[in-house]
Amino acid sequence: MPIVNRVADLQPDIQAWRRNIHENPELLYDVHRTASFVADRLREFGCDEVATGLGKTGVVGVIKGKKGPAKGDVKVIGLRADMDALPIHEQTNLPYASKTPGMMHACGHDGHTAMLLGAARYLAETRNFAGDAVVIFQPAEEGGAGAAAMIKDGLMDRFGIEQVYGMHNGPGIPIGSFAIRTGPIMAATDAIDIKIEGLGGHAARPHKCIDSVLVGAQIITALQQIVARTVDPLDSAVISMCEFHAGNARNVIPQTAELRGTVRTLTREVRDLIEKRVREVVDGVAKMTGAKIDLTYERGYPVTVNHEAQTEFAGRIAREVAGASNVHEMPPLMGAEDFSYMLEARPGAFIFCGNGDSAGLHHPAYNFNDEAIVYGTSYFVKIVENALAA
């Protein structure tokens with residue numbers, strides 16, 4: 001069962017939608033144009049219900065199948081795409097490049113949205129399934145937890161969603177291929193903000209100062225020891241301190257310094273352990289140096305965990321679309337994804353669809369590969385038609 005013929009026919013339309021969205025990127029929850037574009041298309045397709053404003057600017061379409069009764073227990077399947085772009089200045093020189101300076105679709109959400117629109121059009125035309133297909137277009141995946149906001153607004157219960165499936169493009173994965181795994185597939189992400197207040201003074205009289213730069217350096221070094229010497233080597237964890245701001249003169253020991261960084265983990269136990277140890281390290285350095293140190297440790301997206309039965313099903317559908325040799329088991333990624341909230345709320349699976357040899361995600365030269373459209377769209381279609389078979 002290769003790509004769906006009708007989906008191949010729709011490819012030019014889906015590509016046009018994708019490029020329209022790409023030209024007009026929007027950030028976080030301010031995706032008003034994109035949400036309106038999506039809602040208008042869903043109404044044109046004849047969806048049985050189109051709901052807007054979930055999670056501020058999320059859009060949901062409901063498509064009812066014409067076959068029945070369903071073979072299995074599942075009556076409602078959710079399919080999700082994200083709509084927001086990134087605050088990056090595009091450097092692709094494409095004819096459909098971003099028209100908004102400082103914003104671009106550098107993570108392929110334009111492609112995700114277009115592919116799900118293509119699946120919605122096909123499903124609304126054919127309705128060759130029993131039950132409801134719910135297409136979910138969410139804002140604010142890039143750091144705004146739009147998935148959590150839509151769930152808080154009643155997404156799962158209002159539409160009776162029983163299982164939910166998501167997809168992301170994968171640079172480096174060949175076009176026509178998929179990658180998936182059971183269990184943790186993407187990491188939890190937490191934020192560390194540290195403010196150090198020492199005692200500033202002349203660089204030639206360090207004994208009269210509490211050097212905030214030295215304190216910050218000690219913290220950074222000590223934090224790296226958490227992963228190296230506290231976390232089990234068979235577990236995965238990352239602590240990256242990526243900002244260090246202090247001073248503005250070469251002969252002045254600065255009074256204050258600020259550090260910012262990120263923590264990535266794949267299990268709840270390691271996540272808890274690292275937060276505990278970060279707090280202990282910061283307290284210890286404060287006592288050792290005499291500096292006043294304020295730590296803000298903020299938990300972000302949880303681990304994205306694929307459910308076993310749904311992952312097995314998703315892999316089977318991907319093999320039907322792309323062929324058994326083109327569906328691979330992947331290692332977990334230490335990037336984060338707010339589809340994790342949906343997988344905490346309902347069983348489901350998250351899969352990667354090959355984007356070919358493109359620039360990486362969040363890179364100013366990145367572009368979603370339109371050759372992937374037929375594979376991703378066919379996957380979405382077949383998830384519904386097989387999960388809701390009559």
Side-chain angles (χ1 to χ4, degrees), residues 1-15 17-18 38-51 59-81 111-137 155-156 158-167 176 178 180 309-324 326-327 346-351 353 372-390:
M1 188 185 299
I3 60 173
V4 178
N5 288 337
R6 176 58 177 149
V7 168
D9 293 339
L10 292 174
Q11 198 275 347
D13 287 344
I14 301 170
Q15 175 177 297
W17 301 334
R18 200 280 292 186
V38 166
D40 287 346
R41 300 291 83 71
L42 295 178
R43 294 185 187 103
E44 288 174 6
F45 303 159
C47 289
D48 297 280
E49 180 180 355
V50 177
V59 180
V60 176
V62 179
I63 306 164
K64 295 184 177 297
K66 66 182 181 182
K67 301 179 72 173
K71 287 181 180 178
D73 296 332
V74 179
K75 304 293 190 297
V76 185
I77 292 290
L79 304 174
R80 171 270 202 175
H112 305 161
T113 296
M115 289 190 295
L116 188 52
L117 280 174
R121 179 170 171 180
Y122 175 93
L123 293 168
E125 286 179 358
T126 60
R127 300 181 183 264
N128 189 30
F129 55 93
D132 293 355
V134 180
V135 289
I136 304 160
F137 298 85
L155 171 67
M156 298 299 178
R158 174 175 170 181
F159 299 100
I161 296 169
E162 297 168 279
Q163 294 182 7
V164 65
Y165 294 86
M167 183 193 304
F178 292 90
I180 195 170
Q310 287 70 35
T311 303
E312 182 179 348
F313 169 68
R316 174 170 67 81
I317 298 304
R319 288 190 292 273
E320 291 179 356
V321 170
N326 293 317
V327 180
R346 293 293 186 272
F350 193 66
I351 197 168
C353 180
I373 284 173
V374 292
Y375 297 98
T377 305
S378 294
Y379 169 83
F380 276 143
V381 164
K382 290 300 177 184
I383 284 285
V384 170
E385 290 186 339
N386 283 266
L388 302 179

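Side chains are part of it too, since the values below use all heavy atoms of this structure and drop only hydrogens, waters and symmetry mates. Quick caveat: nothing in here was measured; it's all calculated off a predicted structure.
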Roughly how far, to the nearest 0.5 Å, is [atom2] of [Y] from [atom1] of [X]?
X: R316; Y: I383; atom1: CZ; atom2: CD1; value: 8.5 Å
X: R346; Y: M156; atom1: CZ; atom2: CE; value: 6.0 Å
X: M115; Y: L79; atom1: CE; atom2: CG; value: 11.5 Å
X: M167; Y: T377; atom1: CE; atom2: OG1; value: 7.5 Å
X: F129; Y: K66; atom1: CZ; atom2: NZ; value: 10.0 Å
X: S378; Y: N5; atom1: OG; atom2: CG; value: 9.0 Å

message: Looking at T311 and A349, would you say the former's side chain and the latter's main chain have a donor-acceptor pair under 3.5 Å?
response: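 Answer holds: no.
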Given side chains that start at C-beta, do those of [X] and [Y] come closer than 4.5 Å, heavy atoms only?
X: F178; Y: V321; result: yes
X: H112; Y: F380; result: no
X: E162; Y: K75; result: yes

field: I14 and L117: CA distance, side-chain angles, deciding distance, side-chain contact (heavy atoms from CB on, under 4.5 Å) verdict
entry: CA-CA 7 Å; I14 301 170; L117 280 174; over 6 Å; no
message: Quick one, W17 with T113, criterion side-chain contact (heavy atoms from CB on, under 4.5 Å). Give me CA distance, side-chain angles, the key distance, then yes/no.
response: CA-CA 9 Å; W17 301 334; T113 296; over 6 Å; no
message: Please evaluate residues T126 and E385 with respect to the criterion side-chain contact (heavy atoms from CB on, under 4.5 Å), reporting the C-alpha separation (whole Å), side-chain torsions for both, the decisive distance (0.1 Å), and the verdict.
response: CA-CA 10 Å; T126 60; E385 290 186 339; 4.1 Å; yes
- request: Tell me, please, which residues at least two apart from Y122 pass ring pair (Phe, Tyr, Trp, His ring centres under 6.0 Å).
  value: none
message: Tell me every residue that passes ring pair (Phe, Tyr, Trp, His ring centres under 6.0 Å) with F159, counting only those two or more places apart in sequence or in another chain.
response: none
message: How close do A322 and N326 get, counting heavy atoms only, and between which atoms?
response: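 Scanning both residues, the minimum pair turns out to be O-ND2, 2.8 Å.
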query: Any ion pair linking R127 and D48 (charged N to carboxylate O, less than 4.0 Å)?
result: yes
Pair E125 + R121, salt bridge at N-O below 4.0 Å: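 So E125 pairs with R121 through a salt bridge.
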task: Look at atom CD of E312 and say whether more than 12 heavy atoms of other residues, nucleotides or ligands are closer to it than 6.0 Å.
output: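 No.
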- request: Give me the one residue out of V60, V50, I63, V62 that meets side chain to side chain contact (heavy atoms under 4.5 Å, CB included) with L42.
  value: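 When side chain to side chain contact (heavy atoms under 4.5 Å, CB included) is applied between L42 and each of V60, V50, I63, V62, only V50 qualifies.
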Qualifying residue for side chain to side chain contact (heavy atoms under 4.5 Å, CB included) with D132, from I161, I77, L388, V76: V76
